[in-house]
Amino acid sequence: MCMIRTDLEKKFSRNHVTILVGETGSGKSTQVPQFILGLNNGKEKIAVTQPRRVAAINLAKRVADETKTTLGQDVTKLSSLVGYTVRFQNMSSAKTKIKYLTDGMLLRELLLRTNLDQYTTIILDEAHERTIITDLLMGFLKTLLQRRKNLRLIVMSATIDADKFSRFFDGAEVLYVQGRRFPVQRYYLSKPVEDIVDATVRTAIQIHASEPMGDILAFLAGQEDIDKAVDMLNDMIQSLPKGVPDLIALPLYAALPPQQQLKVFEKVAGNKRKIIIATNIAETSLTISGVRYVIDGGTHKVKVWRHDLGLDSLLTMPISKSNAAQRMGRAGREAAGKCYRLYTETDYYGLKSQSEPEIERCDVAFPILTLKLAGVSDVLGWNWLERPSKAAIIFALIRTVMSALMQLYALKALDDEGQITELGKKMAVLPLPPHLSAVLLDAHQKGIADPVLDIVSCLSIENLIMNPHPDKRDEVYEKRLPFITASGGMGDLVVLRNYVQHYRRLPSSSDRKEWCKEVYISYRAMSNVEKVSINQSEQDIRNQLESYLKAESTNIHSEDKSVQLSPSVLNEQIIQCFLTGFLANTALSLPGKMYRTIAGGQTINIHPSSSVFGKNVDAIMYTEYIFTTKAYARNVSPIDLEWLQRIAPHFLSRRTAGHD
DNA sequence: TAATGGTAG
């Protein structure tokens, strides 16, 4: 770091709030906490937040190495100076001096113990990524600093947002540190290309034929393009002239089975070169050593919340300059590198300097409920980091916040005056999106939490059911068929529960692994849904949710009734619980296998991956609604119109007036 | 009969 330690220490001990600017890899995430620890004879207690779990865990391990201490909970070890806390693992104790944690964890601590008295210093790392949670933390911390005059805050960021952060914290001092990085040569296209997959493949072959050894990392937007590029490269490799080294093409995206993901980290033996074709997972989340060449396709997929329709859409969009810089940097981590941008230099200068913060593009039901829980009544006037300057932004914010408030009102989390209800408080504490919290609490009240927990746990984990490569599709679907048949046409939620029940009944972990592989379900994800044996420091989702419910049961009558019910009656009741959370996601049959949503009157189709696809049912409920080539409902269950009439008579009669 | 950027609790 170019700024010397004593200078930084002087500034940190004097400043209430400091903005520290430095590129990823400058060592600030491991060094700064150790500087702080030295300030006050080791009396400091430091929380360092990270947007991602892996980063929190790895940083804690590195600092433990550097300080020659062991990580952990074990308080008998005097040396347990460094620890970490993430959702599934707590490796920290009351003695931990430097605690790395995900920003979501710090947010929970803040909501449960408002003053964060256990810390003397809070370090928010990677603040420039502008996740919803980091943004919320900054707002809450700004208020907290007024109450806790002795609390030190350090916001660490890449260059771009430093001034904005400084202004937000009333002109906090901005300090700069420089990391060690190698130069990366940039190349642009002279004119735009039409087929980005083809251009990526040709660039890769050209690098391979003419450049010195070193691995290649290429960025494309999605799984489809990546699989296509890998297939094309594998075909072309066959016809490489003799004497040219071997080229090994590997895909990388989150929905890929973990085993295949690991392959990108393996060193290739001998005279060979690796090319990894990845989504933006390789931009921040995974670092692959040995990369000297980057090919940047210039696009990524972003989730955009259409509050007018109440649906998420996934769009392929141009990246921002800061994404481009991050991608380029991947070529210069170990030595000088080269970056091939598959767009023109003019196009580059036309890119936005950064992507829109998450809070501006996503469903804000969760952040709004969080603010309400924290006692904020005027959510529009709250000190949002994004101080809206343009009327358009204010308008968008109002519309987004209003639709989130309406959703929360419909879920009975807010009352007529917009105040948080008792139910809303319980919902806000559960680590689930508001809709799923509503479902689970309803199930708990009805005494069927047990089976609903199976399903809710599955829905709240990412990349559980994987998408097989087209070659293997039929084979995998055949293995899944018995579980679909066993659902008796009750829909995808019941199918999901059939999977969990089967998994649970398998006798050994190798059986479970093997079965997951057959049906293309992620074993790693499934073991987070439900771990069969649990260490003290580990918890799975099902257990975590169950313990929240137990803490709630003092005033709710809830003995488990699910075992007394026949399977079909139970399944009906399960779906009725989901209706209380997903009332807005219901649709009635139209001629021609189309459906019309009850709430908005839009036409939608059942996604072909659903077990209800092609069936003739009067009405459906779905937990996911996405727009790709058409509007699709995914995760679909048939529903009975009587249930709707019973649960929400007003909703149904008002909405279907005129429907014939 | 079509298709799933990445995170977090």
>> Check this one for me: any side-chain N or O of A/T102 less than 4.0 Å away from OP1 or OP2 of B/dA8?
In response: no
> Expressed in angstrom and rounded to an integer, what is the separation of A/R108 atom CZ from B/dG9 atom C1'?
Replying inline: 5 Å
> Nearest-Å distance, CG (A/D540) to P (B/dG9)?
Replying inline: 14 Å
>> Without decimals, in angstroms, what is the distance between A/D135 CG and B/dT7 P?
In response: 19 Å
> If you look at every strand shown and take non-hydrogen atoms under 4.0 Å, does A/L315 touch a base, only sugar-phosphate, or nothing?
Replying inline: nothing
> When the nearest nucleotide of DNA chain B is assigned to A/F366 and to A/N280 on a heavy-atom basis, which residue is associated with the more 5' position?
Replying inline: A/N280
>> Using the side-chain heavy atoms of A/I281, tell me which of these nucleotides is nearest: B/dG6, B/dT1, B/dG9.
In response: B/dG6
>> Any N or O donor-acceptor pair under 3.5 Å from the base of B/dG6 to the side chain of A/E358?
In response: yes
> How would you list, by chain and number, every residue that makes a ring-ring contact (aromatic ring centres under 6.0 Å, His included) with A/Y253, sequence neighbours excluded?
Replying inline: none
> Across the strands shown, which category fits A/R634 at heavy-atom distances under 4.0 angstrom: base, sugar-phosphate, nothing?
Replying inline: base
> Touch check for A/R87, heavy atoms < 4.0 angstrom, all strands: base, sugar-phosphate only, or nothing?
Replying inline: base
> Taking for each residue the nucleotide of DNA chain B with the nearest heavy atom, is it A/P434 or A/H607 whose nucleotide lies nearer the 5' end?
Replying inline: A/H607
>> Can you measure A/I132 atom CD1 to B/dG6 atom P for me and round it to whole angstrom units?
In response: 17 Å
>> Cation-pi check for A/Y348 against A/R341: NZ or CZ below 6.0 Å from the six-membered ring centre and within 45 degrees of the axis, yes or no?
In response: yes
> Whole-Å distance between B/dG6 P and A/I461 CD1?
Replying inline: 15 Å
>> In whole Å, I'd like the distance from the CZ atom of A/R130 to the C1' atom of B/dT7.
In response: 16 Å
>> For B/dA8 and A/R53 - does any side-chain N or O of the residue sit under 4.0 Å from the phosphate oxygens OP1/OP2?
In response: yes
> Whole-Å distance between B/dA8 C1' and A/D125 CG?
Replying inline: 16 Å
> NA contact type, A/Y477, heavy-atom cut-off 4.0 Å: base, sugar-phosphate, or nothing?
Replying inline: base
> When the ring planes of A/F578 and A/F582 are compared, do they come out parallel, tilted or perpendicular, using 30° and 60° as the limits?
Replying inline: parallel
>> Looking at A/E109 and A/K99, is there a salt bridge between them, counting it only when a charged N and a carboxylate O are closer than 4.0 Å?
In response: yes
>> Once you apply a heavy-atom cut-off of 4.0 Å, does A/T131 come out as touching a base, just sugar-phosphate, or nothing?
In response: nothing
> Under 4.0 angstrom, heavy atoms only, what part of the nucleic acid is A/M466 near: base, sugar-phosphate, or nothing?
Replying inline: nothing
>> If you only use heavy atoms from C-beta on, which nucleotide in B/dT1, B/dG5, B/dG9 is closest to the side chain of A/K301?
In response: B/dG5
>> Run the ring-ring contact (aromatic ring centres under 6.0 Å, His included) test against A/Y632 and tell me which residues pass, sequence neighbours left out.
In response: A/H607
> To the nearest angstrom, how far is A/Y253 atom OH from B/dG6 atom C1'?
Replying inline: 15 Å
